[in-house]
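All chains are named by letter (A, B, ...) in the order of the sequence lines, taking the proteins before the strands, and each is independently numbered beginning at 1. These values consider heavy atoms only, across backbone and side chains, with no hydrogens, waters or symmetry-generated copies. Predicted model, so just to flag it, every value in this text is computed and none were measured.
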2 protein chains.
Amino acid sequence: MKEEALRMKGIRRLAQHLDISIGTVSRALNGRPDVNEETRRRVLEAATELGYVPNQSGRSLRQGTTNIIGFMMQTGTEITGQGDTFFMSVFDGVQAVFSRHQLDLVALLCSSEEDPSDYLRRVVARGFADGLILSATQRHDPRIEFLAERNIPFVTLGRSLTDAGRPWLDLDFEGMAQAAIDRLVARGHRRIAVTRPHDDVNLGYIFVDRCREALAAHGLALDEELIFRSTPNEAGGYQIARDLLALEDRPTAILLVNETIAVGFYQALSEAGVRPGRDIAVIGRYSPQAHFLSPPLTCFRLKLRELGIALAETLLSTMPAFKHHYPQALVNAVWPMELVEGESDALTLDAAG
Amino acid sequence: MKEEALRMKGIRRLAQHLDISIGTVSRALNGRPDVNEETRRRVLEAATELGYVPNQSGRSLRQGTTNIIGFMMQTGTEITGQGDTFFMSVFDGVQAVFSRHQLDLVALLCSSEEDPSDYLRRVVARGFADGLILSATQRHDPRIEFLAERNIPFVTLGRSLTDAGRPWLDLDFEGMAQAAIDRLVARGHRRIAVTRPHDDVNLGYIFVDRCREALAAHGLALDEELIFRSTPNEAGGYQIARDLLALEDRPTAILLVNETIAVGFYQALSEAGVRPGRDIAVIGRYSPQAHFLSPPLTCFRLKLRELGIALAETLLSTMPAFKHHYPQALVNAVWPMELVEGESDALTLDAAG
DNA sequence: CATAGTACCGTAAACGTTTACGGTAGCCGT
DNA sequence: ACGGCTACCGTAAACGTTTACGGTACTATG
């Protein structure tokens, strides 16, 4: 062991220790072909022994890449309306893929006070990430065009109107709408209410449109007064139920499109002595609470971890450095949801409905 | 405008545009004293005009600092019991402070499959962040010693047994335990159950210990069979209720220390025809659902955004470059929770209890 | 033996910043 | 007129990597 200049740092230290050049060390570490297998072995060994880890700043500076993938999300959950474990679970899946490629996932948290596009602009300007995953996609989302123009790899969780040809994955709201409507109609329901978020998130449009179509296929119309908008949280669900109960001509069934509104919805019904599954049919989205409501909520459930995996693979398939690993990744796809049968939609009407 | 070499990039481009040296540009941008106020103005102006943003890799490489603060958390909520909404709110507060100092917050997501210490080791070796916030602190948490040895600024959310002298903030579980026990005893309860997470998270020990003390102060003992362990989620709450109901000598009150278990707990009670507030007193932690349970849960609520602010300030007060901004930041402190009165603890017993 | 080819390795430039150092010009006081 | 001070600015080195390029030694081929 060379004692002479042990104060050297980084790759130079390692090179000195092995008495070879830093170029060779780098090549050995990065799996380049031009290096003897025996020396490579020695380098690898010495690297773990000395605990050498390449400095990311140096590497990034040199090759203009950071090995970081950013997952952009908004803080302040009233905006997204996802359940409490939604992102955690998705992250888990995303990370499972990234870790195979030495990529690090970081959550980019856009504060509720800042404009998402401004935030994204800053992130990009700083060259923070090699690729991006966007959530809370808006119907018209300027972020998409922004990234596309700059050739920055990205995938969105959620469709928009402006993403033609751009990679996205989305939940299968159409499938949910179709299946739920069919199910309710089959049970004799004719007057069916639906919900949607209050803001411009695209899923609202998609969901309501498909509900309308599905009803039309049965010769039914979607009454405009039965489309309830609300903040996608418990209070919103409570409000929806109050509004619904106040109607002259109440619906006999309702579809709740957000995860978190069911609890508030149930509560308002309960206060009015109206019981899901007996007095009104309710179908919602899965959340950890769904099974513990009375009665258990019939809902559509999503495999979140798998969704995360698909998101990661889709993104990587658009990145030149990784695309050969994922030749057949989904680029535009909706992610299926499975029906979890509860008792909240047990109400069956006869033909007179 | 110099057309000659517009293909230059970064600071050089800016310097060329202004016909001054890159050194001066850098000094102007970074608020150094040795620069004419007039030129500084021109530089700043040109910078926004050309949309110049300093490259982070270059800067990091030079000054060995990244301007990034990492917030480490575990994905997979079965572990921490804290979900998206908890962290989002805390992040919002943290970010409010950091943005004043051009610091970026990134969430470091340790997958549920990886050992947190290993993960942290990688993060540190890569020189990813200038400082760290640790969550899900274990009773014996090797990460603390690891960071302390390397003189890496950090603060933990949650105490441990091994953090003597290290900065931490924690929720005031003692205060909650004390207030809740006092409240219940004042209402005549003598046989009070408590819960705790199933794993080695420190809060379990702290909470139960203080409950014991608080009871002792009233001349009461904490029956060991009334300490319920569970996963910190809805299913755990359900299980606890089932176990509780199966006891020969049921408690008349219970304290739920985790946020998300109340829903499951309520459900199991409901199935058995036992109503909170009438047949058993229940006190829990605030969650978005708490108010929409029947009856509304009496719970302890936390100002999460303020907690985030405090966490950020505490961390910065330990970092040489920022400490002068936060001379009086809290270094070790518990964060108070406020009581939100519901009806779930309305049950009052007479002296015969 | 000369040449070409191969396998491996060293050298040095480059990435975009920050900053220590030195230099110039103007000004003031003697 | 001169030295010293101030205010400002330019130069160049340094941070830790990766990688194009060239070089050496050896082998194979003619």
Side-chain angles (χ1 to χ4, degrees), chain A residues 2 5-44 46-47 50-68 102 124-128 130 321, chain B residues 2 5-44 46-47 50-68 102 124-128 130 321:
Chain A
K2 302 281 165 290
L6 271 187
R7 38 194 28 155
M8 284 237 162
K9 297 184 61 180
I11 201 173
R12 246 167 277 267
R13 161 95 188 279
L14 199 52
Q16 196 131 105
H17 177 90
L18 290 164
D19 217 355
I20 58 180
S21 79
I22 60 170
T24 304
V25 173
S26 176
R27 277 189 295 265
L29 257 24
N30 294 13
R32 287 308 166 92
D34 272 21
V35 51
N36 187 306
E37 278 310 317
E38 165 62 12
T39 43
R40 189 195 302 279
R41 200 192 49 73
R42 286 178 51 221
V43 171
L44 259 4
L50 299 194
Y52 169 76
V53 181
N55 175 292
Q56 186 57 41
S57 301
R59 170 177 276 181
S60 300
L61 182 58
R62 170 63 217 235
Q63 49 187 24
T65 189
T66 61
N67 287 342
I68 291 175
Q102 327 266 44
V124 169
R126 284 189 49 176
F128 193 81
D130 294 347
Chain B
K2 300 283 164 290
L6 272 187
R7 38 194 29 153
M8 284 238 159
K9 295 184 61 179
I11 201 172
R12 246 168 278 268
R13 160 94 190 279
L14 200 53
Q16 196 131 104
H17 178 88
L18 292 165
D19 217 356
I20 57 181
S21 79
I22 60 169
T24 303
V25 172
S26 177
R27 278 189 295 265
L29 256 25
N30 294 12
R32 288 306 165 93
D34 269 21
V35 50
N36 186 305
E37 279 309 317
E38 166 63 13
T39 45
R40 187 194 304 278
R41 198 190 53 71
R42 283 177 53 219
V43 171
L44 259 4
L50 299 194
Y52 168 75
V53 182
N55 177 293
Q56 187 58 42
S57 300
R59 169 177 277 179
S60 299
L61 181 57
R62 170 62 217 236
Q63 47 188 26
T65 188
T66 61
N67 288 341
I68 291 176
Q102 326 269 42
V124 169
R126 283 187 50 174
F128 193 81
D130 295 345

| remark: Here the distance between atom P of C/dT17 and atom CG of A/Asn55, to the nearest Å, is 17 Å
| said: I'd like to check B/Val43 versus B/Ile20 (side-chain heavy atoms, cut-off strictly below 4.5 Å). Are they in contact? | reply: yes
| request: Only counting residues at least two apart or in another chain, list the ones meeting side-chain contact (heavy atoms from CB on, under 4.5 Å) with A/Ile22. | output: A/Ile11, A/Arg12, A/Ala15
| query | Has A/Gln63 got a side-chain N or O lying under 4.0 Å from the OP1 or OP2 atom of D/dT19? | reply | yes
| request: Can you sort out the partners of B/Ser57 under side-chain hydrogen bond (donor to acceptor under 3.5 Å, both in side chains), two or more places apart, ordered by chain and number? | output: none
| query | Does OP1 or OP2 of D/dG16 have a side-chain N or O of A/Arg59 closer than 4.0 Å? | reply | no
| message | Under 4.0 Å, heavy atom to any atom of DNA chain C: which of residues 29-43 of chain B qualify? | response | B/Asn30, B/Arg32
| field | Distance in angstrom units between B/Arg13 CZ and C/dC15 C1', rounded | value | 18 Å
| said: I'd like to know if the side chain of B/Gln56 and the backbone of A/Phe128 have a donor-acceptor N/O pair within less than 3.5 Å. | reply: no
| remark: Across all chains, not counting sequence neighbours, the side-chain hydrogen bond (donor to acceptor under 3.5 Å, both in side chains) partners of B/Arg59 are none
| message | Suppose we screen for salt bridge (Lys or Arg N to Asp or Glu O under 4.0 Å). Which residues come up paired with A/Arg62, at least two apart in sequence or across chains? | response | none
| task | Determine whether B/Ile68 and B/Asp130 make a side-chain contact, defined as any pair of heavy atoms from C-beta on separated by less than 4.5 Å. | result | no
| request: Not counting sequence neighbours, which residues clear side-chain contact (heavy atoms from CB on, under 4.5 Å) with A/Arg27? List them please. | output: A/Thr24, A/Arg32, A/Asp34
| query | When the distance from CZ of A/Arg12 to P of D/dT17 is rounded to whole Å, what number comes out? | reply | 8 Å
| query | Is A/Lys9 near enough to D/dC15 that one of its side-chain N or O atoms lies under 4.0 angstrom from OP1 or OP2? | reply | no
| said: Nearest whole Å is fine: how far is C/dT17 P from B/Gln16 CD? | reply: 14 Å
| said: Applying side-chain hydrogen bond (donor to acceptor under 3.5 Å, both in side chains), can you list everything that pairs with A/Glu38, at least two apart in sequence or on another chain? | reply: A/Arg41
Taking N or O atoms only and anything under 3.5 Å, show me the protein contacts with nucleotides 10-14 of chain D, one pair per line.
{"from": "D/dG10", "atom 1": "OP2", "to": "B/Ser21", "atom 2": "N", "distance (Å)": "2.8"}
{"from": "D/dG10", "atom 1": "OP2", "to": "B/Ser21", "atom 2": "OG", "distance (Å)": "2.9"}
{"from": "D/dG10", "atom 1": "OP2", "to": "B/Thr24", "atom 2": "OG1", "distance (Å)": "2.8"}
{"from": "D/dG10", "atom 1": "N7", "to": "B/Arg27", "atom 2": "NH2", "distance (Å)": "2.9"}
{"from": "D/dG10", "atom 1": "O6", "to": "B/Arg27", "atom 2": "NH1", "distance (Å)": "2.9"}
{"from": "D/dG10", "atom 1": "O6", "to": "B/Arg27", "atom 2": "NH2", "distance (Å)": "3.4"}

| Between A/Thr39 (side chain) and A/Asn36 (backbone), is there a donor-acceptor pair under 3.5 Å? | yes
| request: Ignoring backbone atoms, establish whether A/Ser26 has a side-chain N or O less than 4.0 Å from OP1 or OP2 of D/dT17. | output: no
| note | Sorted by chain and residue number, the side-chain hydrogen bond (donor to acceptor under 3.5 Å, both in side chains) partners of B/Asn55 (sequence neighbours excluded) come out as none
| Helical bend (five base pairs per end, nearest 10°) for the helix from C/dC1-D/dG30 to C/dT30-D/dA1 | 60°
